[in-house]
Amino acid sequence: MELANITKERLVEAQKNGYTAIITKYNSNPLDPIWIFEKVKKDQFFQFSENLQDTYQLCYQISEAIDTVEEYPFIGKVTLPD
């Protein structure tokens with residue numbers, strides 16, 4: 001696995017590879033978080049996101065992140081899958 005800056009291109013690439021969500025790594029530094037791509041079914045996304053809030057993790061749909069990354073850039077790095 002490698003760490004890379006989050007860019008619109010990285011998000012599009014992840015989406016093409018079947019990933020649907022981007023979440024902060026557990027115990028990630030909130031000022032410099034590390035993000036992880038996850039595959040979450042659309043009908044399970046809301047519950048998945050709600051469960052992560054209990055551990056202070058953030059979760060976004062990749063499709064939403066692609067649309068907003070230029071206006072509200074993510075802070076930190078993303079862990080790219082092997």
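Positions are given from 1 along the sequence.
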The reported gap from CD1 in Ile6 to CD1 in Ile34 (rounded to nearest 0.5 angstrom) is 10.0 Å
Rounded to the nearest 0.5 Å, the CD1 atom of Ile36 sits from the OH atom of Tyr19 at a distance of 11.0 Å
- Message: So Asn5 and Lys77, do their side chains get closer than 4.5 Å, heavy atoms only?
- Response: yes
Practice item. Begin from the C-alpha positions of Trp35 and Leu58 and carry the test side-chain contact (heavy atoms from CB on, under 4.5 Å) through to its verdict. Key: CA-CA 9 Å; Trp35 296 85; Leu58 299 175; 4.0 Å; yes
**Message:** Using side-chain heavy atoms (C-beta onward) and a distance below 4.5 Å, is Phe45 in contact with Cys59?
**Reply:** yes
Tightest non-hydrogen contact, residues Val69 and Lys8, listed as CG1-CB, 3.7 Å
| task | Could you go through the side-chain contact (heavy atoms from CB on, under 4.5 Å) check for Ile23 and Phe48 one step at a time? | result | CA-CA 10 Å; Ile23 65 169; Phe48 180 78; 3.8 Å; yes
Rounded to the nearest 0.5 Å, the CD atom of Gln47 sits from the CD atom of Glu50 at a distance of 6.5 Å
Heavy-atom closest pair (Gly76 atom, Asp32 atom, distance to 0.1 Å) is CA-OD1, 3.5 Å
Looking only at heavy atoms, the pair that brings Gln15 and Ile66 closest together is OE1-CD1, 3.3 Å
Nearest heavy-atom approach of Gly18 to Lys39 is O-CG, 3.3 Å
| Can you tell if the side chain of Tyr60 reaches within under 4.5 Å of the side chain of Thr68, non-hydrogen atoms only? | no
For Leu11 and Ile62, the nearest pair of non-hydrogen atoms, with its separation, is O-CG2, 3.5 Å
Would you say Leu52 and Tyr26 are hydrophobically clustered, going by side-chain heavy atoms of ILVMFWY under 4.5 Å?
no
Shortest non-hydrogen pair, Asn29 vs Leu31, comes out as OD1-N, 2.9 Å
Next on the checklist: Test side-chain contact (heavy atoms from CB on, under 4.5 Å) on Leu3 and Thr79; report intermediate values, then the result.
Outcome noted: CA-CA 5 Å; Leu3 288 178; Thr79 302; 3.6 Å; yes
Sorted by chain and number, sequence neighbours left out, salt bridge (charged side-chain N to carboxylate O under 4.0 Å, His left out) with Glu9 holds for none
